[in-house]
There are 2 protein chains.
Amino acid sequence: MVPPPHKAETELVDPSDSSPVAIKPVVSQSQTESKPMALDLSHHLSIESKIRQKSLLKVSSSYLARDPELLSLAAGLPSPSLFPIEKITASVAIAKHESARDGLWKNDGLLPGMRRDLHKEKDSSLKGHSEYDLSGALQYEQGTGAKQLLKFLKRHTEIVHNPPYRDWDCIMTGGNTHAMETVFRMLINPGDYIVLEEFAFPETVEGLKPLRARMIGIDMDAEGMRSDSLELVLETWDEDARGGKRPGVLYVVPTGQNPTGATMSMQRRKEIYNTCVKYDLVIIEDDPYYFLQMSDYIPGQDTGAVQVPQTNDQFLASLLPSMLSIDTQGRVLRLDSFSKVAAPGLRCGWITGSDRFVERVLRHNEVGLQFPSGASMAVLHSMLTEAWGQDGYLDWLVNLRAEYTSRRNTLVSAMDKFLPREVCDWVVPSAGMFVWLRVHYAKHPHKDNGVEAVEKELFEAGIDNKVLILPGAWFKVKPETSDVFFRATFASVSANDMAVAIERFGEVLRKGFALQT
Amino acid sequence: MVPPPHKAETELVDPSDSSPVAIKPVVSQSQTESKPMALDLSHHLSIESKIRQKSLLKVSSSYLARDPELLSLAAGLPSPSLFPIEKITASVAIAKHESARDGLWKNDGLLPGMRRDLHKEKDSSLKGHSEYDLSGALQYEQGTGAKQLLKFLKRHTEIVHNPPYRDWDCIMTGGNTHAMETVFRMLINPGDYIVLEEFAFPETVEGLKPLRARMIGIDMDAEGMRSDSLELVLETWDEDARGGKRPGVLYVVPTGQNPTGATMSMQRRKEIYNTCVKYDLVIIEDDPYYFLQMSDYIPGQDTGAVQVPQTNDQFLASLLPSMLSIDTQGRVLRLDSFSKVAAPGLRCGWITGSDRFVERVLRHNEVGLQFPSGASMAVLHSMLTEAWGQDGYLDWLVNLRAEYTSRRNTLVSAMDKFLPREVCDWVVPSAGMFVWLRVHYAKHPHKDNGVEAVEKELFEAGIDNKVLILPGAWFKVKPETSDVFFRATFASVSANDMAVAIERFGEVLRKGFALQT
């Protein structure tokens, strides 16, 4: 992946033609032409998804597109002149932290304080939303999401991931939980098996159960899902014993996995991808923490002192490649979200995949979500295209990951200080929002009660000692568990509270394991 | 239904306790206690819906609620201090048209021009969102939607519909298309039959097909779905002949139906409801046009001169009762939306029903939509509770329906003027956004080609004559059709364009039927 040249003056970017300077090094015309076309993987579509048809009402707009003189009594759109919202204004942070690019970012507890006011006013005209005005944002929208914002996101995806096949596309979603439901329904019939990590986000599991998907949890190590375990499960799949065919879908959170915090190395990503090629699995790459990849933790160093890349080229080069970026066949459906990099309340994200799959999502959107909130899209569009531009957005992400890195350092340094290493261990996460604490249950006085009982006892002792830290059982996909685990987050807790909370949990462990303090 | 007393000074309303004056006449404590409890209709739940479980991560918040001293490393919420949006401001129209309450509203082509600026700023505090601030709007939210806005909507529902059973509740949705998908999935297993009107909104049909619901279209007349036809279908249901059990769900748009513009009388509503009680059907009341009920059309009168109620009491008394308002058993799921009364781009609405059903919707929201956009909810919350209040919102609706009434008058008066009555007829709609034009195909020279061919010929002749008006076939649920139909909308077309478009379609009919002009 060749990163685009850094542009120092983001204010000069023409929002209608984002980062034209950057486009050539990333994907030249000849590069695009030399890319292969995606495979036809439509045999993976669920019965439900195959049935979906193009919306008739969307067809009617094609007549209008063909003949601008046509007077329409067709679409039942309410009149924008009757929308009661006259203006929406958003003030956004400036993207670039001026002090950040001296090579060492210093956490001063504040994001850049300068603000830029962005105005969107309702246009009285009903036609020609060449720019994304408020009457457009408040009106019915295409199932793809607003094309002006989608254009920015496609360009962003091209800059960061440069999918190595030709016919890829993006479509907007209501965030990754909505996107998950959409792609699960697109690919899974009741009774089908799906492969995921042995520990997973509870809402993923809770979303799959009503679809009657049968879940196979694959062993994990410090790099997340183990490719050898995946290979073994697929290779030795016995349809009769399992009562169903080999899984056709793999769900994975490759970066800063929730709950384990694990990040897959480049080698691991390639192994998992190749195994999915070998056994014909579609890969759902749920990757909301992608840009929260962090610099190394150095024990004893000031937790607020974080190495930052000097340029956006260096930033992009420092990121691990996504599954999408190594997908030459169009078998990855990548889920991106603004929830971790802007604000979850906006309920906005996007799916990238082969246009065959993206078209099926569009058909679903048309009879469900329809499109993300226009208020959310208008705010994002203003921020991303008018205030920041492509390079400015990368600047923002650089700052953001420095903030989370500092928080990670704070939590891990508290763990170093307060947790008894003789009964627990952890891998310092290199991305995301979580640390996964392994507790050696075999050393626990009540080990005869079993893993779950010891975990529950420690969890409840935590509550009694005024600290809430989530037990591994809540995240379990595989029925059997080898050890006791806890998930701790550093996302939104103050440095002081983190230290106190960890100190309290240290007390719980010492007491539970009857250690000398 | 006893309407609340009108409060002249909406600005004095305390938003945290909306319209306290109005609460007593509508639902007194003793009235609530005398209401019955909803029936347990959980046998109607689909397999998918029955499986849904409470989200584990939501459980963790119950620990925090119990012990405020608990330090949490649990929920992976991003830090609001890292949200890049510092402020959102909305300017909204004032709700009340000062000139409107002299009894005759005069269309001056403009909504009230005064505006009120509403500010929402991010609160640095992470705790205690007693009011709905921007950090709350940008953060993860409960699956019910923001409780502050939900409170307003429940009170509004109580004032307007006063559901006659005790354990009803509301939950927010992403608008009625999203709500439809949600309740369909909650109530329908693949292969199940569902009853709806013989003509329906295409997206309803397109949403039901992938769920493999089998649709029965019930005959309609000027008052919408015919109760005798419904009774006949249910009474004579033959499981063997139909290959499935009697429908357990009825979907209906009782007010300003799309596409026919039909509105059910009070008598018809009661008949349909009683039939659903008799045969144990759940009723999905999709009612986005409820407040666009109109005063009578008087041929020859100035189209902009619209009778308006003098008070909100009179306004509420003038509205037909909803199916919800006559539902003593909790068998109605009512879908309300802001799309037709505020702005569709906000993608926000709500479902009202028995709390058993509402809880199932919540479980689905948690693993799908999650909640409507916080940007949308914040704008709506400001407008509804801070600027308008309950009475102000009713003022707004009075103005809005006057606007749409004037538009309806314009379209119908053009039809009076330009369409050849010898080959077509129509019922003047008393609600909604649509007029349904019946064309007497039996008089058409090419009638031997069949209904659909004649309809298609006229549709295409319309395109050639620069007018787009949608053919009945696009809305058909029943395979057989008795006549040729077209749907015309008056929602967002200028008065001049409406007249020209109808004149053009008049030419199409005259030419097609070879009439003397």
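Note on naming: letters A, B, ... go to the chains in the order of the sequence lines (proteins, then strands), and numbering restarts at 1 for each one.
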Quick one: what part of Tyr404(A) sits under 4.5 Å from any heavy atom of chain B, side chain, backbone, both or neither?
->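 It is the side chain, since no backbone atom gets that close.
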Portion of Tyr63(A) that has a non-hydrogen atom of chain B nearer than 4.5 angstrom |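 It is the side chain, since no backbone atom gets that close.
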Val435(A): side-chain contact (heavy atoms from CB on, under 4.5 Å) partners, not counting sequence neighbours =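 For Val435(A), the residues satisfying side-chain contact (heavy atoms from CB on, under 4.5 Å) (neighbours in sequence not counted) are Leu411(A), Val412(A), Met415(A), Trp426(A), Pro429(A), Phe490(A).
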Glu503(A): side-chain contact (heavy atoms from CB on, under 4.5 Å) partners, not counting sequence neighbours =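 side-chain contact (heavy atoms from CB on, under 4.5 Å) check on Glu503(A) returns Phe418(A), Glu507(A).
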Max heavy-atom pair count under 4.5 Å with chain B, selected residue of [options]:
options                                   : result
Ala342(A), Ala179(A), Pro372(A)           : Ala342(A)
Arg363(A), Arg66(A), Glu69(A)             : Glu69(A)
Ala343(A), Pro190(A), Pro344(A), Gly76(A) : Pro344(A)
Ala74(A), Gly374(A), Ser60(A)             : Ala74(A)
Met433(A), Glu48(A), Arg212(A)            : Glu48(A)
Ile502(A), Ile469(A), Leu346(A)           : Leu346(A)

Intermediate values then yes/no, side chain to side chain contact (heavy atoms under 4.5 Å, CB included), Leu82(A) and Leu400(B) = CA-CA 7 Å; Leu82(A) 302 178; Leu400(B) 192 73; 3.8 Å; yes
Please check if the side chain of Ser492(B) supplies one atom and the backbone of Leu77(A) the other of a donor-acceptor pair under 3.5 Å.
->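 A pair under 3.5 Å: yes.
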Most heavy-atom pairs under 4.5 angstrom with chain A, which of [options]?
options                                    : result
Lys54(B), Glu206(B), His178(B)             : Glu206(B)
Ser376(B), Gly432(B), Ser49(B), Ser373(B)  : Ser373(B)
Phe434(B), Phe371(B), Phe475(B)            : Phe371(B)
Met498(B), His364(B), Glu141(B), Met180(B) : His364(B)
Asp67(B), Val205(B), Leu369(B)             : Asp67(B)

If you compare all heavy atoms of [X] against all heavy atoms of [Y], which two are closest, and at what distance to 0.1 Å?
X         : Y         : answer
Trp396(B) : Phe83(A)  : CH2-C, 4.4 Å
Glu181(B) : Gly368(A) : OE1-CA, 3.2 Å
Ile85(A)  : Val379(B) : CD1-CG1, 3.7 Å
Ser55(B)  : Glu203(A) : OG-OE2, 3.7 Å
Arg52(A)  : Pro210(B) : NH1-CG, 3.4 Å
Ser79(A)  : Ala491(B) : CB-O, 3.4 Å

Rounded distance (nearest 0.5 Å) linking atom [atom1] of [X] with atom [atom2] of [Y]:
X         : Y         : atom1 : atom2 : result
Leu468(A) : Ser61(B)  : CG    : OG    : 9.5 Å
Leu70(A)  : Ile463(B) : CG    : CD1   : 5.0 Å
Lys87(B)  : Ser91(A)  : NZ    : OG    : 4.5 Å

With a 4.5 angstrom heavy-atom cut-off, which part of [X] approaches chain A: side chain, backbone, both or neither?
X         : result
Lys50(B)  : neither
Phe459(B) : side chain
Ala146(B) : neither
Ser339(B) : both
Gln370(B) : side chain

Using the side chain to side chain contact (heavy atoms under 4.5 Å, CB included) rule, take Arg185(B) and Arg185(A) through it: C-alpha gap first, then chi angles, then the decisive distance, then the call.
-> CA-CA 12 Å; Arg185(B) 291 199 190 272; Arg185(A) 290 198 191 274; 3.1 Å; yes
For side chain to side chain contact (heavy atoms under 4.5 Å, CB included), just list the numbers for Leu73(B) and Val493(A), CA-CA rounded to whole Å, side-chain angles, deciding distance to a tenth of an Å, and then say yes or no.
-> CA-CA 7 Å; Leu73(B) 299 175; Val493(A) 191; 4.1 Å; yes
Apply side chain to side chain contact (heavy atoms under 4.5 Å, CB included) to Lys209(B) and Gln53(A), showing your working.
-> CA-CA 9 Å; Lys209(B) 278 183 185 166; Gln53(A) 290 173 317; 3.2 Å; yes
